[in-house]
> 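Next up is a structure, given as structure tokens.
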Amino acid sequence: MSALDRISQWFAVSRHACPICGQRRSSHSPLLLPVRHPRPRRILQALCGVCRSDIPWITHPLCRVCGRAERCGDCARRKIRYFEACRCAVRYDDRMRDWLARYKYRGNERLAPILAAMLAYVYESRFASMSIGAITSVPLSPERLGERGFNQAESLAVQLAEWYSIPYVPLLRRTRHTEKQSLKSRRSRVIDMKGIFECMDDAASVTPRPVNLLLIDDVYTTGSTIDECARIIRGAHPYSRIYGLAWAR
Ligand SMILES: [Zn+2]
Ligand SMILES: [Zn+2]
């Protein structure tokens, strides 16, 4: 076999390897692909059948506020809420934790379009029928952005905005970062959030009229991040309605 044959064979092999597990398994899955747009659909179709059937889609949210698949105490406890509702693509199980960690902490960029394609499912099923004026995302602090090199929520949001031809507008800045959210009690999380976001100086002119905004985050834990972002955005744009879209819950 010539070197050229070997190279073309290698390309043929790598083209069909699943971008998640690397196996050359059939991409056939008995589950229907829940995304209609051809680009995210093609991305999800490249996953092997096993990885595709591992995705714990939240198809029937039980909490109408946060989109959780289980009964939800967090939303019942919240007296005032600045966002209208949030929906999430998947349950944050061990496998999804691993997928996100590969992208977010280990910088594996092959995961970015896959996670964005999973958001496309929620966008199409929940938000496409509404008029969404702009997409924005939860910002990272400058320190964390420096460490990681990219804002994972923003990358997903920009990709989603491009697919559905919605303007992506950065509206918020994070003034400081907080300790790892998952290690704290709910109460200290809420207190901690106060004052960590501000509107970007030039954001005030972006939404001069009532508009539905879609705010993207990677993981929804208690909703305090999305709620605080929504509070700040609504301070500058009182008529805006903020909807959250998180990759996992
Ligand atoms: Zn796979
Ligand atoms: Zn809830």
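Just so it is clear, the model here is predicted, and its values are computed rather than measured. Counting starts at 1 for both ligands and their atoms, following the listed order. We're numbering straight along the sequence, starting at 1.
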> Would you check if the Zn ion (ligand 2) lies under 2.8 Å from any N, O or S atom of Cys86?
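Looking at Cys86, which is the residue asked about, there is no N, O or S atom under 2.8 Å from the Zn ion (ligand 2).
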
> Fit a plane to each ring of Trp163 and His37, take the angle between them on a 0 to 90° scale, and name the class: parallel (under 30°), tilted (30 to 60°) or perpendicular (over 60°).
tilted

> I need the SG(Cys21)-the Zn ion (ligand 1)-SG(Cys51) angle, rounded to 10 degrees.
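Seen from the Zn ion (ligand 1), SG and SG are separated by roughly 110°.
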
> For the metal site, I want the angle between atom SG of Cys18 and atom SG of Cys48 with the Zn ion (ligand 1) at the apex, to 10°.
110°

> Can you tell me which residue pairs pass the ring-ring contact (aromatic ring centres under 6.0 Å, His included) test with a partner in residues 62-87, sequence neighbours excluded?
none

> Between SG of Cys63 and SG of Cys72, what angle is found at the Zn ion (ligand 2), rounded to 10 degrees?
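SG of Cys72, the Zn ion (ligand 2) and SG of Cys63 span an angle of about 120°.
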
> Measure up the Tyr92 and Trp247 rings against each other and bin them: parallel (under 30°), tilted (30 to 60°), perpendicular (over 60°).
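Because their plane-to-plane angle is over 60°, the rings of Tyr92 and Trp247 count as perpendicular.
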
> Is it true that the side chains of Tyr168 and Ser137 contain a donor and an acceptor less than 3.5 Å apart?
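Note: Tyr168 and Ser137 side chains meet the donor-acceptor criterion.
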
